[in-house]
Every structure is written in structure tokens, then in C-alpha cells.
2 protein chains.
Amino acid sequence: MTKANQKPIILAEQVQTSLTNLEPLTRKVYISLNPPSPQDNRAIVDQFRHRMEHSYGSVHVPLTLMSLISGICTRAGWQVTATLAETGQGWTVIDLEPGNTAQQHYGLAIDIGTTTVVVYLIDLCNGKVLKHAADYNDQVFMGEDILTRIRYSSEPGGLDSLQSAVLKTLNRLIKRLYPLPAETSKITAAAIGANTTMIHLLLGLDPSSICRAPYTPIVNNPGIIHAQEIGLDIHPLAPIYCLPSIGSYLGGDVIGGILVSGMHRQPDVSLFVDIGTNGEIVLGNEEWLVACAGAAGPALEGGVSAHGMRAEPGAVDHVSINPVTGCVEYSTVGNLPARGICGSGLVDTLAELFVGGIINRSAHFQNGQKEFIVVPAHEAATGEDIVITQADINKFMATKGAVNAATDLLMENVGCDWREISHFYAAGAFGQYLPVESAVTIGLYPDLPRTAILRLGNSSGEAARQVLLSRTKRLEAEEIAGKVTYFELNANSAFMDKFVSSKFLPHTDLDRYPSVKKRLQTGSKFSCVI
Amino acid sequence: MTKANQKPIILAEQVQTSLTNLEPLTRKVYISLNPPSPQDNRAIVDQFRHRMEHSYGSVHVPLTLMSLISGICTRAGWQVTATLAETGQGWTVIDLEPGNTAQQHYGLAIDIGTTTVVVYLIDLCNGKVLKHAADYNDQVFMGEDILTRIRYSSEPGGLDSLQSAVLKTLNRLIKRLYPLPAETSKITAAAIGANTTMIHLLLGLDPSSICRAPYTPIVNNPGIIHAQEIGLDIHPLAPIYCLPSIGSYLGGDVIGGILVSGMHRQPDVSLFVDIGTNGEIVLGNEEWLVACAGAAGPALEGGVSAHGMRAEPGAVDHVSINPVTGCVEYSTVGNLPARGICGSGLVDTLAELFVGGIINRSAHFQNGQKEFIVVPAHEAATGEDIVITQADINKFMATKGAVNAATDLLMENVGCDWREISHFYAAGAFGQYLPVESAVTIGLYPDLPRTAILRLGNSSGEAARQVLLSRTKRLEAEEIAGKVTYFELNANSAFMDKFVSSKFLPHTDLDRYPSVKKRLQTGSKFSCVI
């Protein structure tokens, strides 16, 4: 099992597409120009553009570059490297460097979550992730969930503050990518996966229409933006591509997830679930895609329990309860004294409590117990017991119940049976660290053959990497956006019924969890009421 | 004859192309959008772009506009007018106005001469000139001719000063176009005809390589520039198209002249001559075009004689000398007391002095006369005699001799005889006001059938108007630029020989001027030595 403490943030290696044909948003071209002479007395800008257009079609040379080109060429002995950026309509030259710097070619793949922001430094020569950095989105100080932020944006100066906050976060993370490359202005392209509200706040666009009928954002597909237009601290003319949204509740992060999963190209039906602060569920195949979305809460990002935390050093990330002694064994990120419990630790704990009979199928402690001590005070860095309470469990069950209810409703509506699901793709925090067996045990993941359960990791970040590197993938993302049908949960009273009846472990319908049912029936250590 | 005082600056009406198919650099499109509703819940930017792309192909919507679109549409009841600007690669939306403003659509055709700058306000709905304004180029304070300015640009701060000077001139002239349109930001496009050095100085590009072997400018075809990039006081994102140059000595003004003449589309050979501060001569037809260029001096812009002036109020513009009484009759621009003599007045005076026998064929006063009084002191606004001196005549003859020598050399080189010339196109100051008969009499114009002599007026300005209005014309200008062969006069020692022997009236070879020869032989008033 991948240790969370070894790779705290990973891209979806299981499904990572090998992009054989790199077509990044910017290109670096090393050329040797002719110094002006009686034999070739073309104007240097014209000669340069002519050379570029030979390979790239229409190429725009900005005025700022025209005034520099002669000096740079003379000093460099007429051997220079041009950086061309895609404009959406052709190419524009954004940089010219002396000599051959074609191998120093960097871009950013960015995932802006409501809670967490991750920036990956990508080598545009080979597509590899060179480095990454992650942190909380500074916007959390202005509201933890999307609705609070949208409301905040309507206050005087609110939108500006929210835009500044996410840019401050991004620019701080970009600095952490030092010392490679030496100057952040050498990063010449970026692609972003984020939900619709995050994109609006990043671009300084009023998000208020997102949560007001008829729920239409200002823009779903902003096209190419330049870094200087928003103040992202990379090359000022660097093109920024945002993965397109489908609407207010289905953002580029979900489109990215579908893109990375490849479910839109498979004949069989797949289920895609991304649970972060919001939850999105997509069902479909190469012919159709149906999706729904809703608030999920920070259950899996460490925000649900009194001792919850992100998968940072000191977080309890794996838990097992000895069936004989009842003793708890756990590991922590970085093998440091425990400070709290992260999402994967919580899921492990709940699964162990359930199979150990300490909580019952409706997720309540048995025998009047009020809490469970995961790490005793004398082992904890905090000097206090690290516990899971009934209240913590209830909050978690609300998230789980919402996911189960939404998935069931979506499938019913499409007329799709569980047995038809060929693959289950788990994205986001939900798909990054969670232990598969435990997630199945408590019904967070469906009980499919384990080879059909694929964890995409940060699929929003991986999708950003792919569209950063590939024009084909950009077009594919836009095709997906045009193909998804949105299924409105809130308008559906059946959702509440399903939600209320979904709060069972692993699921209301135990027959949908045959492997869990079998463990519950045969396992030596089980004593809970089934 | 067109009175100079009625139309001090005109476009080439004789050859003005009727542009039936207007394709201006910017378009205004009035559209009615759907307010977001459950029936059409597309994001408003996406809906807007989709509508634009339906007619215009790839359309870029800048971020600044995305943040305004919703508010503008709501206030305007979803009826708006978009301004689209050509980017060279597609279209970008540069403005959005409430309601239908499609009929308020303005652009500028600009002629930047070394000495004089003219700005025409064009109605982009019908191509008509609504207004114009002209003034000296403020750069004249930093040098009268191109070489002096190029030298000045190498001094510290020199290039900036020259760029500021021409922009100050342009912005002053744009203000004079008030009150139509009400705001200069409503002018959304501009096209410019100018020589290569003027374009470099306007764009802030170092012109020093223009006068240094191998005489290559930085750029011949700058493509689309935006107004804000140089500080032109119109819409900041307005596209500016500069007529392409051919090289250091053949600028967009000459390309424009060829374009306006249409000589590049005629099977017969034509001769095009533009004499301003510089002189350019083009010979050719639909198959080939050969051109040469050189300094001409300000002879025809009022700068040659002690009493020379531009065709402004009080300038003597027409002169005749009564063959019986010897009395001078003259007219002035605006019928005001005379202040000086402009180009047309000078040419008239010389022709009259020549046919009246007061100067001989080598342009020298007869009988020890030192000067000729055109306007006696008591009639002049200055209270002084307005005279033409031998020194004035000599300076003028240098210009005329250079034009004759260059034309003859060019024709000899191509192996073209005078009898093959189907049309003579006179452009610039040279083709704007000069009285045809007088110009032929002194050999400034060739002695062709008068219907074959066509005066283009400000062909640089007219060409700017055409390319402002027509994409076809822009492509045609670029084709012309690719077709012209430059003939280097300075490298040709034969030029000096021809120049020295060219200083005769009307020409060294009188047989080339049959109509003048006939007048000289038969005219009652002629008494000069022939």
C-alpha cells in the first residue's frame, strides 16, 4: 500500500495517460537566424516571424518583443530560443532568450480545491512532475464552504479579497517550487482544474449567479487567460487554460476527473465519485454521461471530528484493532507522535469499530460507550487522548449517506443496475489515501471486484497536467463538457427519503456488499448485530 | 480646377476605389441575448461567444469584458452591441455597449509624413471621410529630415522623445476631430501609411539600422498593434494596422500609393512618383514593379525658399504673369493678404518665369536680374516683398533634377521607353495641389496626354482608409510589398551624371516635352533662349 507519508500528494498513477504526442500550451523553438546582409536583408522581425510561421502557421510577434529582438540576436550570435504561446487562435511569441534553452521549459498544473490548493511544476519537454507544493486555500479564512464564499464575495471588497487570497496561496506555492526553475518568469504556461466557483473567484468574476436561480455562472469556458491579467506570478504573458465547467455545480475539476478516468471512451458503464468539500458523482460511458453534485462537507479532509486533521506529519493515517486483545495499532504520517486523525485513519477506525462490533450497523456505539480512544494521551503529541466520538461518527455518516443516496438515485434514474458497473473511479481526497478494504467495509466504496476499483488520486491536478501538455486533451475536455447531462438532486424529493434511509453500515441493502456480508457472517471477531 | 483653399487636404478622388464590400478592422454587431433561464441556462459569456463565433469563427472574449458582460446585459435588457477587432488570427471583443450603437462606428486613416501628419476620421459603416485634421509633425523640432531624426534617436532619450512627439501630434489632431465621436475611445480602429522610419519611431523601435549597411529595418510588416501599446488616444484595444514597408527606403506610404493607383493590376506600364520630404519612384505593371527612393528636400512643402510656406491661409497658391503688361496675378489660400508662397505657387511662378523668358532653360534669371517680386510689399501681409530668388530656384532645380535623373535611370535599367508609359501617377504634396500645366512646363510632370496624368492626392492617407476598411486591400498591400524590386540609386554612379545634366527646363531632352516645345516655339509671349 502506498504510504501517505511517502507521497503526501500524488497524481493518478494507475490511470496516468502516457502522452506520447506532447502539444503543450507553450513551445520552445531554438533557431539560428541570418544576420542581416546584402544577401538576406529582410527586416529581422519579418525573418523571425517567417521562420516561426513556417512551422506554426499564424504567429503574432508583440511590439515589446520587436524592440528587443535585434539586441538579443546580436548578443547571442543569432542563435536564439523563442517561446510561443497558444492564443486559442494561433500563436504569439512571449519570450526570446539567447542561445539554446529549449530544454528549460516549465509549466504548472494547478488544482484549486475549496479547501486545498496543489501546484505541480511540470517539465514541458517530457510531461514529468518535477516538484509539487500544497497548502490550504487562504480563502478558508473567509468561509469554509462554497456558499459562504459566494455570500462573502457580495460584501464590499469581498470579491477582491477572495481573488487576492487564492492568488496569494498560489504565488506562495509557486515560490516553494524553487530553485527549479531559477526564476518563476521562466514558467511559461499553466492549466487549472477547479470547481466553477473557484474559477470565478480566481478570475475576479462575480460568482453570485451560481447560487441564484437559474444557477448560471458567468462563464463555463473562459478560454486562454494571461498570467498578468490575474496576477499569477509566472511569465506575465503565460497562457492559462482552465478546464471548462459544465455549470454552477459541475466544474472543471469533475470534467478533469472524467478525462483522467477515460470512462467517456469506454463502452461499459463506469461510476466516478469525487468527494472533497463538495461531492460530485458521474455515471456513464462513451455514449452518455449523467452527473449530480452537492455539498459533502470536509469529512475526508480532516475537518469532521474534534481530532481531525489533514494528512500532515503526525496524522494517524492507518488504524487496526487487534481482534484478540482489542488493542489499537496505528501509524502516523512521518512516524511522528500522533496529533490527530486524517481521512484514511478515520475510515480505517470506523471499519475496525464496525467489524469489531464496537459500533453497530446504524453506526452507534454499543453498550452505552460514548467514544473510542484511538491514541491514548501518553502517546499523543498533544498530551490528550485522541478519540472518535459518536458526534464525529454521525457527521461522517451524513457525508456517506449523501453519497450513497445520490449514487442510488442517479442509477435508478438512468435505469442502471449495480451489476452493470464495470469500473468505480474514486477521485479527490476520497480517492487519494483511503484504504480500499476499509472504504468498502463501511460502504464508502461499492463492493466491486477490487481490480474494478481505481483510485485516481488528484484527478483534477492530473487533468490539469494533461491539458497543459496536450491540445488533443484540451479538445477532449471541451467535448466532455458538451456531453454531460446534469441531474438536479435538490429538485428531487426522493433524495431526502434515500438520504434518511442511507445511514447504515455498509449500506441499507446489505446484499449490495457481498464481501462485507461474508466477513460479517464468518469473521471470528464479529459480534455486532447484523 | 480644385481650389486648394477649399479643400486643403483631399483624398485621391480621381482614383478613389469604391469599396463595395466593407470589411473594416473592427465590426460592430447588435445582438439580442437570452437572459439566463431554466430553458437556456448557458453561462452568459459562453452564450455570447457562441453567438459571435457563429458569424465570425474564433472569437476571444477578454477577461476584463467577462466581468462586465452580465451587468451591461442586465441594464440593457439583453440588447447589446459588441465591437469585434481583427487580431490577425481571428477576432477579439474589445467593447460591449448597451442597446444598438452599430451605426456609431469610427476609425482613423492616418498619414504620418516626415513633415506633415494628417488624420482622417472615417465612418466605418460606409467608408466616408467625416472629418480630417492636419499639422506639422512635432518631430520636425528634432530634425527636418529622416537622417537627422535617425541620428537624434541614438542620443540618450532620443527615441522616446521622437515617439512622444509624433504621438503628441496625433493625439492633438484626434482631439480636433471633436465633437464627432463624443469620446475618442469610441474610435475603435486605425490604419497608418508612413515611411519606414516614421513607423519605427511611432512604434518606439530603434531606426538606426535603417541608415547603416545592409540597411535593414527592424520590421517591415508589424502586423496588428494595439492603441494602448503605443499610447494612441483612441480605444485602448483598438487594432492599428500599418501599411507594410518594403525596406528602409520604401515605406508603407509608397505601397499605399501603388495600391491606390491600381498600377499593379494594369497590363500597361505606369509611372508613380511621390515627392514629399523624400522622393519615391515606382515603375511597373501587373507583372513587375521596380522602385527607387532618395531624399528630395522640402521643395514642395514650402520649405525651399525664404518665402516658402505650406498651403495654409495667406499662401500664394496660383500665379500668372500677364504676357502683355508683365503684371503678376495671383491668388492666395483663403483670399487673405499674402504671407508666402506654397508649392503650387512656386511651380506656377517658375513656369510663368520660364515661358515669359524671365528665366532661361537652365533656370537662371536673364539680364542680371537677381530675384522676382511675386507680391509687392504693399500687398503683402508681412509688409515686405514676397520674392523668388536665384537661390530658391537653384534649390528647386536640385529636387527636380533628382526626380528626372532617378526616373530616367530607372526606366533605362528596366529598358522601358517613355512612349510605353500609359499613366503617370503623382502622389503626396507633389500630386496634391500642383497645377498640371505648370508642372509639365517645368518638367516636373512628364509631357503625356493630360488624361494620362492622374493626381492621387494624399495616396498614403487614402491607402490607409482603404486598408482600414478592407481586408482584401490589406492582403493586396502585402502582396504588393512582396512584389516590388528595389533599385539602389546610391550604388549607381550613372545617377550623378544624369543628375548633373538634368537641371534644364523642362528637361535635357526637349523632344520628350513636345507640348512644351510647341508652346516655346509658337507662343507669342516667349522670348527666352531655347
I'd like to know if the side chain of [X] reaches the main chain of [Y], judged simply by a donor and an acceptor atom lying under 3.5 Å from each other, with no hydrogens or angles considered.
X	Y	result
A/Ser55	A/Met52	no
A/Gln139	A/Leu162	yes
B/Glu23	B/Arg471	yes
B/Arg51	B/Ser32	yes

Taking [options] one by one, which has the highest count of heavy-atom pairs under 4.5 Å against chain B?
options	value
A/Asp46, A/Thr64, A/Val59	A/Asp46
A/Ser67, A/Pro35, A/Pro36	A/Pro36
A/Val61, A/Leu63, A/Ile44, A/Ile224	A/Leu63

### Task
Write out, in numerical order, the residues from residues 228-246 of chain A with a heavy atom short of 4.5 Å from a heavy atom in chain B.
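Result: A/Glu229, A/Ile230.
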### Task
Residue by residue, scan residues 86-93 of chain A and write down, ordered by number, those that have a heavy-atom distance under 4.5 Å to chain B; if none do, write 'none'.
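A/Thr87, A/Gly88, A/Gln89, A/Gly90, A/Trp91 fall under the 4.5 Å cut-off.
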### Message
Please identify which of these residues, B/Asn195, B/Leu170, B/Ile199, meets the side chain to side chain contact (heavy atoms under 4.5 Å, CB included) condition with B/Ile112.
### Response
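Per the side chain to side chain contact (heavy atoms under 4.5 Å, CB included) rule, the option paired with B/Ile112 is B/Leu170, out of B/Asn195, B/Leu170, B/Ile199.
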Is there a side-chain contact between [X] and [Y] in this structure, where contact means two heavy atoms from C-beta onward sitting under 4.5 Å apart?
X	Y	answer
B/Thr196	B/Ile210	yes
A/Ser70	A/Phe48	no
A/Thr26	A/Ile94	yes

### Task
First locate atom NE2 of A/His50, then atom CG of A/Leu33, and finally report the distance between them rounded to the nearest 0.5 Å.
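Answer rounded to 0.5 Å: 12.5 Å.
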Quiz: residues 212-223 of chain B side-chain donor-acceptor pairs under 3.5 angstrom, not counting sequence neighbours:
unit_1: B/Asn220; atom_1: OD1; unit_2: B/Gly247; atom_2: N; d: 3.4
unit_1: B/Asn221; atom_1: OD1; unit_2: B/Gly223; atom_2: N; d: 3.4

Using residues 201-208 of chain A as the side-chain source, report each donor-acceptor pair under 3.5 Å to any protein atom, sequence neighbours left out, with the distance given to one decimal.
unit_1: A/Asp206; atom_1: OD1; unit_2: A/Ser208; atom_2: N; d: 2.9
unit_1: A/Asp206; atom_1: OD1; unit_2: A/Ser208; atom_2: OG; d: 3.0
unit_1: A/Asp206; atom_1: OD2; unit_2: A/Ser208; atom_2: OG; d: 3.1

### Task
Give the member of B/Pro38, B/Ser209, B/Ala43, B/Ser37 that has the highest number of heavy-atom pairs under 4.5 Å with chain A.
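Answer, by heavy-atom pair count under 4.5 Å with chain A: B/Ala43.
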### Query
Stepwise, does the side chain to side chain contact (heavy atoms under 4.5 Å, CB included) test hold for A/Val290 with A/Asn413?
CA-CA 10 Å; A/Val290 183; A/Asn413 239 277; over 6 Å; no
### Query
Where does A/Arg49 contact chain B at under 4.5 Å (heavy atoms): side chain, backbone, both or neither?
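For A/Arg49, the contact with chain B is made by the side chain alone.
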